[in-house]
Amino acid sequence: MEYNVLIGGEAGQGMKTLTSVFSQMIHKRGFYLFTLADYMSRVRGGHNFFQLRFSDDKLYSHCEKLDVIIALNQETCDLHLGRLKEDGVVLADTNVKSNDSRLVTIKAKELATEVGNVRTMSTVLLGALLKLFGLDEEYLEEIFSHKFNEKITNQNLESYQRGQSLVEQKFKTSKGNKAERLLINGNQAIALGALAANMKFYSAYPMTPATSIMSYLVTKAEEAKIIVEQAEDEIAAINMAIGAASVGVRAMTGTSGGGFSLMVEGLGLAGIAEIPLVIALVQRPGPATGLPTRTEQADLKFAINASQGEFGRIVISLNSPEDAFYQTTRAFNLAEKYQLPVILLSDQYLADATQTVNLFDLDKVAIERSIEDEPSSDYKRYALSETGISPRALPGYHSGVVINHDSDEHDEEGNITESAQVRNDMVNKRAMKFSLAKNDIQEPKVLGIENPQILLLGWGSTYSQLKDAVELLNENERRYGALVFGDIWPLPTKKFLDSYKTSEKIINVEQNSTAQLASLIKETTGKDIDLNILRYDGRPLSADEIIEKVLEVE
Amino acid sequence: MEYNVLIGGEAGQGMKTLTSVFSQMIHKRGFYLFTLADYMSRVRGGHNFFQLRFSDDKLYSHCEKLDVIIALNQETCDLHLGRLKEDGVVLADTNVKSNDSRLVTIKAKELATEVGNVRTMSTVLLGALLKLFGLDEEYLEEIFSHKFNEKITNQNLESYQRGQSLVEQKFKTSKGNKAERLLINGNQAIALGALAANMKFYSAYPMTPATSIMSYLVTKAEEAKIIVEQAEDEIAAINMAIGAASVGVRAMTGTSGGGFSLMVEGLGLAGIAEIPLVIALVQRPGPATGLPTRTEQADLKFAINASQGEFGRIVISLNSPEDAFYQTTRAFNLAEKYQLPVILLSDQYLADATQTVNLFDLDKVAIERSIEDEPSSDYKRYALSETGISPRALPGYHSGVVINHDSDEHDEEGNITESAQVRNDMVNKRAMKFSLAKNDIQEPKVLGIENPQILLLGWGSTYSQLKDAVELLNENERRYGALVFGDIWPLPTKKFLDSYKTSEKIINVEQNSTAQLASLIKETTGKDIDLNILRYDGRPLSADEIIEKVLEVE
Amino acid sequence: MSTKYATYETAWCPGCGNFAILDALKDTLNKLNLSPHQVLVVGGIGQAAKLPQYINTNGFEGLHGRALPVAIAAKIANHNLKVIVNTGDGDSYGEGGNHFIHNIRRNVDITHFVHDNQIYGLTKGQSSPTSGLGHVTDFTPNGVFNKPLNPLTMALSLGAGFVARAFSGEKDHLVEIMQEAINYKGYAIVDILQPCVSFNKVNTFAWYKDRVYKLKDHDYKDKVKAFEVANIWDEEIPIGIIYKEEMPSYTDNFGFLKEKPLIEQDTSKETVKKLIEDFI
Amino acid sequence: MSTKYATYETAWCPGCGNFAILDALKDTLNKLNLSPHQVLVVGGIGQAAKLPQYINTNGFEGLHGRALPVAIAAKIANHNLKVIVNTGDGDSYGEGGNHFIHNIRRNVDITHFVHDNQIYGLTKGQSSPTSGLGHVTDFTPNGVFNKPLNPLTMALSLGAGFVARAFSGEKDHLVEIMQEAINYKGYAIVDILQPCVSFNKVNTFAWYKDRVYKLKDHDYKDKVKAFEVANIWDEEIPIGIIYKEEMPSYTDNFGFLKEKPLIEQDTSKETVKKLIEDFI
Ligand SMILES: Cc1ncc(C[n+]2csc(CCOP(=O)(O)OP(=O)(O)O)c2C)c(N)n1
Ligand SMILES: Cc1ncc(C[n+]2csc(CCOP(=O)(O)OP(=O)(O)O)c2C)c(N)n1
Ligand code: SF4
Ligand code: SF4
Ligand SMILES: [Mg+2]
Ligand SMILES: [Mg+2]
């Protein structure tokens, strides 16, 4: 069983509520859900939609073909009809017109007005929608009463009933398989990961699509006893996080490309001063303001090369909400172990895609602080050592011991130096620990066949679509596999080089226009990719699209 | 004839005046000069020195071995004695002590006090220094009276005479070969290039080692009728330059790595809004504050990849003052032709190395504005075209025509868009013009033998040392050549690939710790370098050092 | 209103105060007899900052917080253009705070209209520097703790020569002030109270309407009085020109700019030649 | 002076006003009976900002202009530390201007000592935001055109609770003010006039000495008076505490910080578990 519903209209028409109630009902019934959010950079109006794909098996990405369209306005019907399956249904108020026989209109507005609240019009549609799938009101009251007061809840329940009565069941659904799973998006998973890692300080400046990390955290700040500070700008945000981290709390900041641009100098500060810092960089299409609410993966080489001078940083691209959760906890451990900045690379697609995932397991989360609790009296913050890692003690806790951090090149005690020898020692020390960090780098995830004939490559959130694409491709002929990078800097190359030897063709899939992963692979291994499948219009690639292009070139 | 003089002491001891007067006397006599500046990040005290190498042939770099040391303090004598040639001389006041027989002390301070101005002590030493080379007071009065009032000029002339009488000539000098040449450093050459290109607006925030571009320009602002604005920060500096350029004047900003970090977002704005912008990035060692007064070439990959999203930029690394002058003029033409940012990459070594160069020839400078003077009434700022270049008209001059610039993805008129099609068109348009720009990219300069057995590689200011190194290496056996990149992004690869085929060994020379050029070459061509000669202690490589390392591995 | 400045579809919410400000600006430009090509409207990023898109003049929509540096440089480069900044409170006082400080000091002849809705609109409702103490938003569940920034006293304390407050709900008055501000020779700031119907549930149209009153008999040359008036808030909010003082503006400092704008002046080849030869 | 805070070789010019400020700070910390490990001194980049290198306390020398965000976050993270910022006028008011504005509003309990030499020292003599009108430097051959920034009126207009001016040449007085500033519960700014012997040939030691006078009988609770006094400059320059007002500081807004500092509080596994389960 698998269905795909699109709910579209103008911002402000109740689409969000409709989507969230429907999602929760589906989720709570034990179906797996994958939601794609497509919205414009505005508060009201425009054309926005959600695509809700659900199934009784785990889902990884959105898909193009639709079973049902809920058209809150004419535009939605016109724009998406082309994607409706032959036996699909467009459900809309009577004000929506079409010659297409698949359009089913109901007097949603009229009924909602009768019920006494025209804003429940979308709930009339919800009733009809659920009926199409033969689903009843289980969970409905619970969900509404969580959102609204009694009066409005009752109006909604009434409107729902009216909606149910207007259409007949059309799609068969299974029973669902109830279990404790989460309905969560990428940003929420990052935020939970940070809390699980005992992050105490989050400073950020709002920027789509990163803002929802902050908005989640701030509502839980009291409960979790953390500080969430809205900074005056991104420069302040990163320097605050550095300041907090420098005295010993786990600290983080998050932003999108424009804000990250402003953080670049701070990134270098964390590099030379050896401050553990976690940065979530949730990408959107650039350059500059670009397409603020859409998706892209074009900040990879920027993240890897940002800031003057040379220093180690770890860049982890996030593959899914589960991955986002666990990798965020790991990022804090790595940042502290190697005393360097760790960048979590996500994007709007992953950030906003609410989906069903397995319960996060806190037993799989270790907090490794790497802090020196008993520094000797001749403690030196930047002591040279065999590993390049200097024991890290915290200021304020050890009488007779002071801690100095410095953005200048410095000696072991953190004092500015002009010595060529000390400079060499310190550059080498930092290079050494970064070299060591490579041991902790994880090879890409393998999808489909290991060392396949046709090898697909990807990183970050395209894991979703590659997972589905490879599965479908292998249904015909089992000769496809994919390597999807999570850790991406330093780039792990072992699995790639292994597969490179055996595969006939290598196809790289990215959401950008210059194939940045391909160039990173070339830079690191000298190897060429045979074909790039690129998309850069701000919309996510779909598994179907990947499959089509793969089959095209074969 | 070739000599090498070091003048060292604390900041504030008159070393700068001594160096500049001596330099001018040498230069005006028709010798070629190359000056290395080695100073600390402080205003007084510390250890600082200048190395003045002069010859009757053109010089390209500094060298290590010294003929004369002027030790304004004991430290100078102690630190540099090891580099003094056997027949060399240390010249110092009697307060400097050493067992070394090459030390010649004179009562400089005492005599200066007698003359009535203890600050002329360094002029006593100047007198003695010139005498060592058998040089008389030609030009001296002219130079002093340009700097000082009559009284102080006379005191200096008197002190000079005293100095002359204290030592005997020791080094033979030729007559010199007088001609109209310039004594100039890299930053001054950039500033003159900007003026020659008719740059009208320079905004910057002070940052070593870029500041002297601004300090030169500001003193000539009235004369040249330009505006030089000290911004409140680097973000303002780049946005001002963009604002000025957007209405049609040629505009520029300059900074070092830390300031460039803050300009990264603005760089992307210039990219998407297609504003012609020239940025001088004068590198110093990082990360963060690093070593503020020293040299490094570690911002190459940063400059190439800076800012979110993908857009074309041209990066030109500067090889010498002459190159700096002509490339700066060219940068403005390229920026306007392709409507994109052009980054001039220099470094502290080139910025501060005052040297003798041939007179800049204004007849070789063309100003190509690429401006649409008669836009039609349906003019569109971002009109799609075959080349990807949209004709650029200026606001304010054409009734009925308005010009819109936008940092969002925009349509042809510069209005924000959410259309996938328009987005694709615009990304492709910008990619197309950048592709076209590749035709204007210059291949690296060839030193020594073309397609040699041993190929050296370098970029930017290491041109100096490579030029000398290759020449000396070829004196033994003519089998060395070097390719030194000026234009470095997009990377021209033709000459490299040609030489790659024929050379036995490729040795890459850079002033950084990770061999960034090598990685750029790998990324672009897949080819590996055999050996990297790297230096990253903030001090410039010398030709001797390169030669030594080259011979070591052969 | 003439259609010289055209009408475009906007991305603003119905009922938003920005519409009135846009209308007022068009009226003002008409009254001042300016043609579209003589005007440059600069915005940063935000709801207010979309204004350059909705008016038929030259436009520059730059980076969030960076409207001022772009605007002042454009003016310096071609001072024949009327340069007007329309942008938000977050843009002007938050991300762009440093440029606000220093461009008051610089005093370039531009006009700065701040659409002050006391909220971050485009990013959906975070508090802005002007949000009141205790203001509850989704991002400040316990209310705003930071003292609100008073742009008027700040501007006064930095020596601004034209400081005014207006309200989008008093359009005629707004048009008057806009005219004065644009005519003022130097940096002029007008903080325009603007209801955001979607996110600011505290400072609503009614909230403003109840409080604003037009300044009468106010001596806007008196700085002490100006400080006093600029500090009035909450129960009553005065609108009008709070302070005005003639003073030299940026371009007055450069003799050569008196003849013609920078863009029309070339550095002559002779000058460059001479400057080069100084290094001989 | 005790040697608890040690003596280091500095990179400052002989005669520089920074020496006296450093000495005063050491005296102050001694008088306040603070141990080196209890104090964190934060600087940006500049001559003044090198101070953390020259005193035996915890130190953080960060980026140019960015001392404040580092300092306030360090304080929030461990409010048992005494956090003191020592940095320059360019650093505080130029590059760092936006953080100055917003940290006044935030009111974290830190102390901000600005070594105000009215010049950019480390970069060799450019004008700073506080350089006087007409001040000629190598970079302003026709004198400074921009109106000088008055940090005191600016701080007052933004609602700062502790605003003072001091002079490096009046060390005892400086020590007194430093003590008061450090003891103040909230953001305290002290603008310390500091001669730069190498680059500021206008505002020399003698220039300051001739003008400064210690405030007497000044009611530092009176904001109007404070503005008046803060505006006095040129012929006479008052030094002392100009304004002081008790008010809640940042950490007072968070109940859980009353028990113990942030760094000593963990988010319990149970809490995280519950938050995760909210998504079921
Ligand atoms: C560098 C950067 N940071 C953050 C953002 C996201 N952003 C866009 S508009 C905005 C704030 C808008 O508030 P305001 O300036 O008050 O304008 P309004 O929407 O209220 O008119 C923010 C934070 C951005 N575009 N760029
Ligand atoms: C991002 C950045 N821009 C510029 C600089 C160069 N810089 C270092 S200190 C300084 C100004 C110093 O002035 P001030 O803060 O007044 O300190 P002072 O040296 O006078 O004590 C500047 C511009 C830098 N280090 N970083
Ligand atoms: S969100 Fe607020 S400011 Fe933005 S358009 Fe809507 S009402 Fe106006
Ligand atoms: S340059 Fe000025 S501020 Fe810096 S150390 Fe010297 S005298 Fe002090
Ligand atoms: Mg706003
Ligand atoms: Mg200063």
Side-chain angles (χ1 to χ4, degrees), chain B residues 28 180-184 188 192 195-196 198-201 203 220-227 229 231-233 235-249 251 265-266 268-269 273 359-360 362 394-408 410 414-416, chain C residues 8 11 35-40 42 44-45 50 52-53 56-78 80-81 83 98-99 101-103 105-106 250 254-257 261-263 265-269 271-280:
Chain B
K28 284 183 194 287
E180 291 206 325
R181 300 191 202 95
L182 308 178
L183 184 63
I184 198 166
Q188 290 162 336
L192 283 181
L195 292 175
N198 201 25
M199 176 204 70
K200 302 305 298 173
F201 188 93
S203 47
K220 308 299 171 191
E222 261 185 282
E223 202 171 339
K225 298 186 179 174
I226 63 167
I227 293 287
E229 183 61 24
E232 55 272 29
D233 56 33
I235 303 174
I238 192 168
N239 280 282
M240 284 181 192
I242 287 171
S246 77
V247 301
V249 304
E265 196 192 10
L269 169 59
L359 190 61
F360 297 155
L362 283 177
L394 303 183
Y397 287 98
H398 315 287
S399 176
V401 173
V402 295
I403 316 291
N404 276 293
H405 289 107
D406 193 359
S407 75
D408 297 282
H410 43 252
N415 287 318
I416 188 169
Chain C
Y8 301 86
S35 295
H37 78 284
Q38 297 172 313
V39 179
L40 170 63
V42 180
I45 294 295
K50 287 179 181 165
Q53 308 264 355
N56 178 36
T57 61
N58 297 297
F60 193 106
E61 198 169 328
L63 300 172
H64 181 49
R66 318 302 169 191
L68 285 179
V70 168
I72 65 114
K75 179 73 184 184
I76 293 169
N78 183 355
N80 287 341
L81 291 167
V83 179
N98 209 28
H99 315 305
I101 298 177
H102 294 282
N103 283 307
R105 301 179 48 231
R106 219 171 247 126
Y250 183 95
F254 301 90
F256 66 93
L257 290 184
L262 188 64
I263 190 171
Q265 307 205 30
D266 290 331
T267 307
S268 74
K269 210 164 163 170
T271 305
V272 180
K273 197 155 181 293
K274 185 199 150 286
L275 291 174
I276 291 174
E277 287 169 1
D278 285 349
F279 286 90
I280 289 177

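Each chain gets a letter, A, B and so on, in the order the sequences are listed, and its residues count up from 1. In this text, all values refer to a predicted model and were calculated from it rather than measured experimentally.
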Distance col, row Asn404(B):CG vs Asn56(C):CG, nearest 0.5 angstrom, shows 8.5 Å
Between the CD atom in Glu232(B) and the CD1 atom in Ile101(C), the distance rounded to the nearest 0.5 Å is 8.5 Å
Looking at side-chain heavy atoms only, is the closest gap between Ile45(C) and Asp408(B) below 4.5 Å? yes
The interface call for Asp266(C) against chain B, heavy-atom contacts under 4.5 Å, is both
Assert top hit (heavy-atom pairs under 4.5 Å, partner chain C, pool Glu223(B), Met240(B), His410(B)) equals Met240(B)
Max heavy-atom pairs within cutoff under 4.5 Å with chain B, candidates Val42(C), Asn80(C), Thr57(C), Ile72(C), goes to Thr57(C)
When the 4.5 angstrom heavy-atom criterion is applied to Pro52(C) and chain B, the contacting part is backbone
So CD1 of Ile263(C) and CZ of Phe201(B): to nearest 0.5 Å the spacing works out to 12.5 Å
When you measure from the side chain of Gln53(C) to the backbone N and O of Ile416(B), does any donor-acceptor pair fall under 3.5 Å? yes
Honestly, the part of Ser246(B) sitting under 4.5 Å from a heavy atom of chain C is side chain
Cut-off 4.5 Å, heavy atoms of chain B, and the answer for Leu262(C) is both
Turns out that what part of Leu394(B) lies under 4.5 Å from chain C's heavy atoms comes down to side chain
Is any side-chain heavy atom of Asp233(B) closer than 4.5 Å to one of His102(C)? no
dist Gln188(B):CD -> Asp278(C):CG (nearest 0.5 Å) comes out at 10.5 Å
Between the CD1 atom in Ile184(B) and the CD1 atom in Ile276(C), the distance rounded to the nearest 0.5 Å is 8.0 Å
Between Ala236(B) and Pro69(C), the two heavy atoms sitting closest are O-CB, 3.8 Å
- Query: Are the side chain of Asn58(C) and the backbone of Ile403(B) linked by a donor-acceptor contact shorter than 3.5 Å?
  - Reply: yes
message = Looking at Leu362(B), is its backbone amide N or carbonyl O close enough to the side chain of Lys273(C) to form a donor-acceptor pair, meaning the two atoms are under 3.5 Å apart?
response = no
Of Ile76(C), Leu40(C), Leu68(C), the largest count of non-hydrogen pairs under 4.5 angstrom with chain B goes to Ile76(C)
- Is the closest side-chain heavy-atom distance between Ile227(B) and Leu257(C) below 4.5 Å? yes
Correct closest heavy-atom pair for Leu269(B) and Gly62(C) would be CD1-CA, 4.1 Å
Note: vs chain C, highest number of non-hydrogen pairs under 4.5 angstrom among Ala196(B), Gly243(B), Ser203(B), Gly414(B) is Gly243(B)
If you tally heavy-atom pairs under 4.5 Å between each of Arg105(C), Lys274(C), Gln38(C) and chain B, the highest tally belongs to Lys274(C)
When rounded to the nearest 0.5 Å, the distance separating NZ of Lys269(C) from CG of Asn198(B) is 12.0 Å
Scanning both residues in full, the closest heavy-atom pair of Pro395(B) with Asn78(C) reads O-ND2, 4.1 Å
Applying a strict 4.5 Å limit to non-hydrogen atoms, the region of Ala224(B) in contact with chain C is both
Chain B shares the most heavy-atom pairs under 4.5 Å, among Arg106(C), Lys75(C), Gln265(C), with Arg106(C)
Q. Between Lys225(B) and Thr267(C), do the side chains contain an N or O donor and an N or O acceptor separated by less than 3.5 Å?
A. no
In terms of heavy-atom pairs under 4.5 Å with chain B, the winner among Leu63(C), Leu81(C), Thr271(C), Asn103(C) is Leu63(C)
Heavy-atom closest pair (Val247(B) atom, Ala77(C) atom, distance to 0.1 Å) is CG2-CB, 3.5 Å
When the 4.5 angstrom heavy-atom criterion is applied to Leu275(C) and chain B, the contacting part is both
Counting heavy-atom pairs under 4.5 Å with chain C, the top scorer among Ile242(B), Val401(B), Ile226(B) is Ile226(B)
Cut-off 4.5 Å, heavy atoms of chain B, and the answer for Phe256(C) is side chain
Closest heavy-atom pair, Ala244(B) versus Ala73(C), reported as atoms and distance to 0.1 Å, is N-CB, 3.7 Å
